[in-house]
Protein chains: 2
Amino acid sequence: MSESTDNYLKHLFALSQHNQAGISTSALAQKLDTRAASVTGMLKKLHRDGLVLHTRYKGTVLTARGRRIAAAIVRRHRIWECFLADYLGFGWDKVHDMAEKLEHVQSEELIDRLDQLLGFPTVDPHGDPIPGKDGKLPAASGQLALSETRPGDRVIIRGARSESPDFLQHLSSIGATPGVALWVKQVLPFDRSVVVRIKNNLHTLSAVAAAALVVSKNRMP
Amino acid sequence: MSESTDNYLKHLFALSQHNQAGISTSALAQKLDTRAASVTGMLKKLHRDGLVLHTRYKGTVLTARGRRIAAAIVRRHRIWECFLADYLGFGWDKVHDMAEKLEHVQSEELIDRLDQLLGFPTVDPHGDPIPGKDGKLPAASGQLALSETRPGDRVIIRGARSESPDFLQHLSSIGATPGVALWVKQVLPFDRSVVVRIKNNLHTLSAVAAAALVVSKNRMP
DNA sequence: ATTATTTATTAGGAATGCCTAATTTTCTAT
DNA sequence: ATAGAAAATTAGGCATTCCTAATAAATAAT
Ligand SMILES: [Mn+2]
Ligand SMILES: [Mn+2]
Ligand SMILES: [Mn+2]
Ligand SMILES: [Mn+2]
C-alpha cells in the first residue's frame, strides 16, 4: 500500500459518501489533481487487487475491503487533525496539510494511543465525523439544509436530498457541487428564496431547492 | 526530496559521526539494506543535486547543505521518538520504527511545536542527542560502551548503539533502560561477557551486547 | 437516427528507485 | 611486481506512477 493508493482509496471513500452510483474517473481525477488517464491506470490495479470494482466506461465503487482500508485512512487523518489542533494549537486551516502526510503512517497501535490521549474524539476540527475502529462513520453531524441557514452564513455544500436529474443538473450549472463554498447573502421574505454567492457569482435558489441542498458550516478532510 | 533521499542523507550523517574519511558505498548500502549498485546510482543524483560530494571509487561526504538537511531529519526522528515515549507511552524498543515514518513529514512548524510541547528535550529515548534547529549536535560527554568498563565500576545507562527492537526489548526485560544504575561485577575472560548487577539482580550481557550498551560514570549530563 | 460533444481508455514515454550480472578499479598478499 | 580478492561502478531490466496524444465509447443535440 503506497501513499498513492491510500489517496485514491480515501477520495473514492469521500466521493462515495454523497454518490449512490459509481464514481466517475473524471471526478476522482479532479479530487486527486491528476489526469484521467493516470486514474484509469491506477483503477485497473486497485481492481486487480480487490479494492475496487471498476467497470470500463461506467464507474468505480469500493469493495468492502477497499472501504475498510479507506475508512482507516480517514480515521488516521482526522485523529491527527485533532492532535494538531488540541495539543499543538494549530488552526483548522493548517491541520489538513500536515494530516495529509501523517495519515499515511500505518500503525494501528499509534492511532489507538493517540485516540486515547485525545479522549476518543468523534469529530475532527472541521466538524467531520471520525470513523471508528470498525470503519463505521458516526452519523454526519453539523449538517443542515441551506434553507436553515441565515444571511451571513458561510457554508460548504455537502450534497442533495433529491436525485431529481433536473434539480442536480441545475445545481451543477451554477457550480453548486459538493465541496464548494457558498455564502448566504439574503433570504427573500415573500417566497423564502435564498440568494447565495458561489465563487463571486450570485444565484437565487427557490425555497424548495434550498430545502434540498445539504450544507455544513465545516470544511472537508 | 523523497523518503528515499531522506534515508540516504540520514545514514550518511550517522556514519559521518564516527568516520573521518568519506563514507564507503558498501557501508551505506549495508545501513540502507540495499545493493551497492543502487547506492551508486543514488549518490550520483545526490551529487548532481549538491547534497554530497562523491568521488568515483573513493568515498562520499555530505556537503554543508546535505548535512543541514540530514540533521533536520535526525532532529525530526528523535523528537518524534520523544513524543511517542513521553505522550503515548511506547517503550524504547517500539519508538524507532514509527519515527522512521514520521521523520519524513516535512513541516518545520510542526516539529518546533512538538519540541515545545516536550519541553525542548536534548536526548531521545535511546540516549541519542537531538540536533538543534541550527543542525548542531550536542556533544555526548563521558559516554562509553559497557564493554569498556571494568569490574567494580558503577555506571549509569545512557542509551544503546542499536535500534534493534529485540535487543532493546531484552534490555528492558532486565531493567536496563536509560537512567538506571548498573554495577559491573566481572568480565568473563573466555568470551568477554559482562556480568552486571541491576537493582540487586545479576545479569550477564554478551560482549556484543556490552559493546552496544552506552553508559557513563558521572551522574547526570 | 445521425452527428457532435464529453468522458474514458489505450498507446507510448519519462522519472524514481530498486534489482542482478558483468566489468572496472582498488586493495592485499605473495 | 603481480595475481587474486574485495569494492565500486556500469549495463540492462523491472515496477510505480505520472504525463500527453490518439482512439474509443457513451451521452447530448439536432
Ligand atoms: Mn495524503
Ligand atoms: Mn478534517
Ligand atoms: Mn525513514
Ligand atoms: Mn533514537
Side-chain angles (χ1 to χ4, degrees), chain A residues 1-12 15 19-61 66 69 73 100-101 104 106 163-173 175 177, chain B residues 1-12 15 19-61 66 69 73 100-101 103-104 106:
Chain A
M1 295 291 310
S2 66
E3 283 200 21
S4 219
T5 58
D6 271 10
N7 288 333
Y8 274 83
L9 293 177
K10 184 182 65 171
H11 281 110
L12 278 167
L15 287 166
N19 266 285
Q20 291 297 93
I23 307 304
S24 72
T25 298
S26 52
L28 188 51
Q30 202 211 318
K31 288 281 180 194
L32 289 161
D33 194 28
T34 54
R35 297 295 143 145
S38 307
V39 172
T40 299
M42 180 64 95
L43 287 176
K44 281 166 79 169
K45 202 168 47 187
L46 293 175
H47 184 105
R48 168 180 48 79
D49 296 346
L51 299 168
V52 306
L53 289 174
H54 174 235
T55 319
R56 274 186 53 181
Y57 289 106
K58 300 299 178 185
T60 305
V61 290
I69 293 173
I73 298 163
E100 203 57 50
K101 296 307 199 81
H104 302 294
Q106 264 152 336
E163 320 304 337
S164 158
D166 289 337
F167 174 55
L168 296 176
Q169 216 284 304
H170 174 62
L171 289 179
S172 295
S173 74
T177 50
Chain B
M1 295 293 309
S2 65
E3 285 199 19
S4 220
T5 58
D6 271 9
N7 288 332
Y8 274 83
L9 294 177
K10 184 183 63 171
H11 282 110
L12 279 167
L15 286 167
N19 266 285
Q20 288 299 93
I23 306 305
S24 72
T25 299
S26 52
L28 188 51
Q30 202 212 316
K31 288 281 182 195
L32 289 161
D33 194 29
T34 54
R35 297 295 143 148
S38 307
V39 172
T40 299
M42 180 64 95
L43 288 176
K44 282 166 79 168
K45 209 169 28 204
L46 293 175
H47 184 105
R48 176 193 20 97
D49 296 345
L51 298 168
V52 306
L53 289 174
H54 174 233
T55 320
R56 270 186 47 169
Y57 290 106
K58 300 298 178 185
T60 305
V61 290
I69 292 173
I73 297 163
E100 203 57 49
K101 296 307 198 80
E103 72 190 357
H104 303 294
Q106 264 152 336

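Bear in mind the structure is a predicted one, so any value in this text is a computation, not a measurement. Chain letters run A, B, ... following the sequence lines, proteins first and then strands; every chain starts at 1. When reading the values below, keep in mind they use all heavy atoms of this one structure, side chains included, and skip hydrogens, waters and symmetry mates.
Taking CG of Leu12(A) as the reference point, atom CG of Leu43(A) lies at 6.5 Å (rounded to 0.5 Å). One distance of note links CD1 of Ile23(A) with CG of Leu28(A); it measures 8.0 Å at 0.5 Å rounding. In this structure, NE2 in His104(B) is found 5.5 Å from NZ in Lys10(B), a value given to the nearest 0.5 Å. The structure places CG of Asp6(A) at 5.5 Å from CD of Gln106(A), a figure rounded to the nearest 0.5 Å.
Across every non-hydrogen atom of Ala29(B) and Arg35(B), the tightest pair is CB-C, 4.1 Å. Looking at every heavy atom in both residues, Leu32(B) comes nearest to His11(B) through CD2-ND1, 3.4 Å.
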>> The test is side chain to side chain contact (heavy atoms under 4.5 Å, CB included); show your working for Met1(A) and Leu51(A) and say whether it passes.
In response: CA-CA 11 Å; Met1(A) 295 291 310; Leu51(A) 299 168; 4.3 Å; yes
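Between Thr34(B) and the phosphate of dG17(C), there is no side-chain N or O to OP1/OP2 separation shorter than 4.0 Å.
First and last contacts of DNA chain D with chain A, using any nucleotide atom under 4.0 Å from a protein heavy atom and ordered 5' to 3', fall at dT16(D) to dA26(D).
dT16(C) atom P lies 18 Å from atom NE2 of His104(B), rounded to whole Å. The distance between atom CE of Met42(B) and atom P of dA15(C), rounded to the nearest whole Å, is 15 Å. The distance from atom OH of Tyr8(B) to atom C1' of dG17(C) is 8 Å, rounded to the nearest whole Å.
The number of heavy-atom neighbours closer than 6.0 Å to CD of Gln30(A), taken from other residues, nucleotides and ligands shown, is 12 or below.
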> Tell me, for nucleotides 2-14 of chain C in 5' to 3' order, what letter each nucleotide earns: B for a base near a protein heavy atom under 4.0 Å, S for only sugar-phosphate near one, - for neither?
Replying inline: ------SBB----
